[in-house]
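Below is one structure, written out as structure tokens; the observations come after it.
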Amino acid sequence: MHLQLADVRKSFGDNSVLRGVSFDVGPGEVVALVGENGAGKSTLTRVISGAHQPDSGRLLIDGTPTVLKDPQAAMAQGIEVIYQEFQQNLFPHLSVAENMYVLDRERVFGRLFVSKQRMAAEAARALRRLGMEIDVQRQVGELSVAERQMLEIAKAMTHELRLIILDEPTAALDEQESEQLFAQVNRLREAGVSVIYISHRLDEVFALSDRVVVLRDGRVTLDAPTGQLTPARVVTAMVGDAVDDFYPKERNARDEVVLEVRNGNGARFHDIDLQVRAGEVVGIGGVVGCGRSDLLRALFGLQPLTGSVRVGGSAVRVASVEDAIGSRIAYLSPDRQAEGLCMGQSVEANVSLASLRELSTGGGVVSRGKERAATGAVISDLRVRAASPSIAVSSLSGGNQQKALFAKWVMTRPRVLLMDEPTRGVDVGAKTEIYRIINQLTADGVAVLLVSSDLPELVAMSDRVVVMREGRFVAELTGDGLDEQSILKHALVGAA
Ligand SMILES: Nc1ncnc2c1ncn2[C@@H]1O[C@H](COP(=O)(O)OP(=O)(O)OP(=O)(O)O)[C@@H](O)[C@H]1O
Ligand SMILES: [Mg+2]
């Protein structure tokens, strides 16, 4: 497909988000669309997918001005989107196979009533063709974030595709899964499908795209073939000036042990012995499914854990989230929709939610004044871009939602902070802001456990990294021994 955007504008109230966007995507071309959180990338995606109507400007498909009045109209043109908040498109109570065909059984099978076996067989075949290993009988609600995303992509690829927009598709994927995705994108390009690829990871942008379009405050500030660009030039177009100290790591570890786990066992991790000292950041490396996310969830009372846990030298129970919060353990979830944020609630309510006890004036009554002041301070420290603290969290851009989630846990003044993919979906400038806050927290003696599939981040921001494989710690890396290759080697094949 040859898609042309000509002077596209879109406002929400008096917030003008797209201020005259023009660019082209040719057949079989991969255009990377990059820009800071809130620049307007997802909004533009929704305009192209028919989910939003532009206020003005034109969309041309193969030279013909086209109005996409709704998502069905866009799908009829062969336009598919994998949304940033992809869970929206899936039904958690249905199986993988049912999800693949729930909306177009008739088109695929020629009739409405199809046996479960036939759907399962077809789904398994389609997934295998795409090189994806997912059990098609499983309920979608039980899949990991990464698996759900793979399913979304597979589902989109079963349709007649002419243009696909991937809005931060690798945010939830590990290295191997990302490689698989890149292979898919390359296959699509060869088949003449146009691709708009939105990502905050510049290494991917440079590896994958033919052209880069930078959006800044709703305007195109750079549009050039990837081969003529450097990462520095792209960052400058995004933020206006150069970012020098990208990983401002401070070493704040002290001797005192804050978190200690002995003989920790859970559904997907075994024999975990771990100590995290005050001010120390311990990274956990490993592939998706190795048990690292389960370990964090268990320490926050979201999954069963046997063994002993101590915080500040005292034995604690973490049988529930209330227990964990009571022991001043905080947890930053990778899945902000499912368990991080209440989308319908205001930014302010979300940020103060986990700290209601500290904010209450005795008798359990929450002081509105205190809530306002305390949340206001954290929101501005973290530079959460929200029109006002009282607007719904759902109307923030993806990266600003992530910052709001971070703010919520900073507010609880934790002793132990468990972070799973803390900078997922966060732009380059905001990432550095989050790293600085981690420094502040560790300077105050907070013990941090960090899970991240962004390996440069894991290496740069951790004092040491333990690598997990099949639920067990298999290596500990520090100093000169701590680098991306060593983490991968231990995570994938074991000590060679
Ligand atoms: N439905 C909506 N109602 C009101 N404001 C909205 C709505 N959707 C988006 N916005 C606002 O539009 C701006 C751009 O948001 P958008 O989601 O397009 O950013 P983005 O570039 O995708 O950012 P990110 O990298 O964080 O995902 C933000 O200020 C956001 O708050
Ligand atoms: Mg977005």
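Fair warning: this is a prediction, and the values are worked out from it, not measured in the lab. Read the numbers this way: they start at 1 and go in the same order the structure lists the ligands and their atoms.
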Looking at ligand 1, is there an atom of it that comes within less than 4.0 Å of some heavy atom belonging to Gln401? no
Sub-3.5 Å donor-acceptor pair from the side chain of Lys10 to the main-chain atoms of Leu18, do we have one? no
N/O separation below 3.5 Å, Ser397 to ligand 1: yes
With atoms numbered from 1 as shown, which atoms in ligand 1 lie under 4.0 angstrom from a non-hydrogen atom of Gly399? 24 (P), 26 (O)
Has Ser16 got a side-chain atom pairing as donor or acceptor with Arg19's backbone, closer than 3.5 angstrom? no
Inspect the contact between Glu29 and Arg211 and indicate whether a charged nitrogen and a carboxylate oxygen are less than 4.0 angstrom apart. yes
Whether the Asp7 and Ser22 side chains hold a donor-acceptor pair (N or O, under 3.5 Å, no angle test) is what I'd like checked. no
List ligand 1 atoms under 4.0 Å from Asn15, heavy atoms only on the residue side. 11 (C), 29 (O)
Ligand 1 atoms nearer than 4.0 angstrom to some heavy atom of Gly398 are 24 (P), 26 (O), 27 (O)
Side chains of Asp420 and Ser293: any donor to acceptor distance under 3.5 Å? yes
Does a donor on one side chain sit under 3.5 Å from an acceptor on the other, for Arg436 and Asn439? no
Any side-chain heavy-atom pair of Ile48 and Leu3 under 4.5 Å: yes
Suppose I only count heavy atoms of Glu36 and a 4.0 Å limit; which atoms of ligand 1 are within that range? 21 (O)
Has ligand 1 got any nitrogen or oxygen that is less than 3.5 angstrom from a nitrogen or oxygen of Gly35? no
Distance, nearest 0.5 Å, that separates CD of Gln77 from CG of Leu59: 9.5 Å
On a heavy-atom basis, I'd like to know which of Gly40, Gly38, Ser11, Ser42 is closest to atom 22 (O) of ligand 1. Ser42
Numbering as shown, the atoms of ligand 1 that approach Thr43 to under 4.0 Å (heavy-atom distance): 9 (C), 14 (C), 15 (O), 16 (P), 18 (O)
Select the closest option to atom 24 (P) of ligand 1 among Asn37, Asn400, Val17, judged by heavy-atom distance. Asn37
For ligand 1, indicate whether the residue His200 contacts it via side chain, backbone, both or neither (heavy-atom separation under 4.0 Å). side chain
Under 2.8 Å from the Mg ion (ligand 2), is there an N/O/S atom belonging to Ser397? no
Would you call Asp444-Arg413 a salt bridge at under 4.0 Å N-O? no
Which is it for Ile198 and ligand 1 at heavy atoms under 4.0 Å: side chain, backbone, both or neither? neither
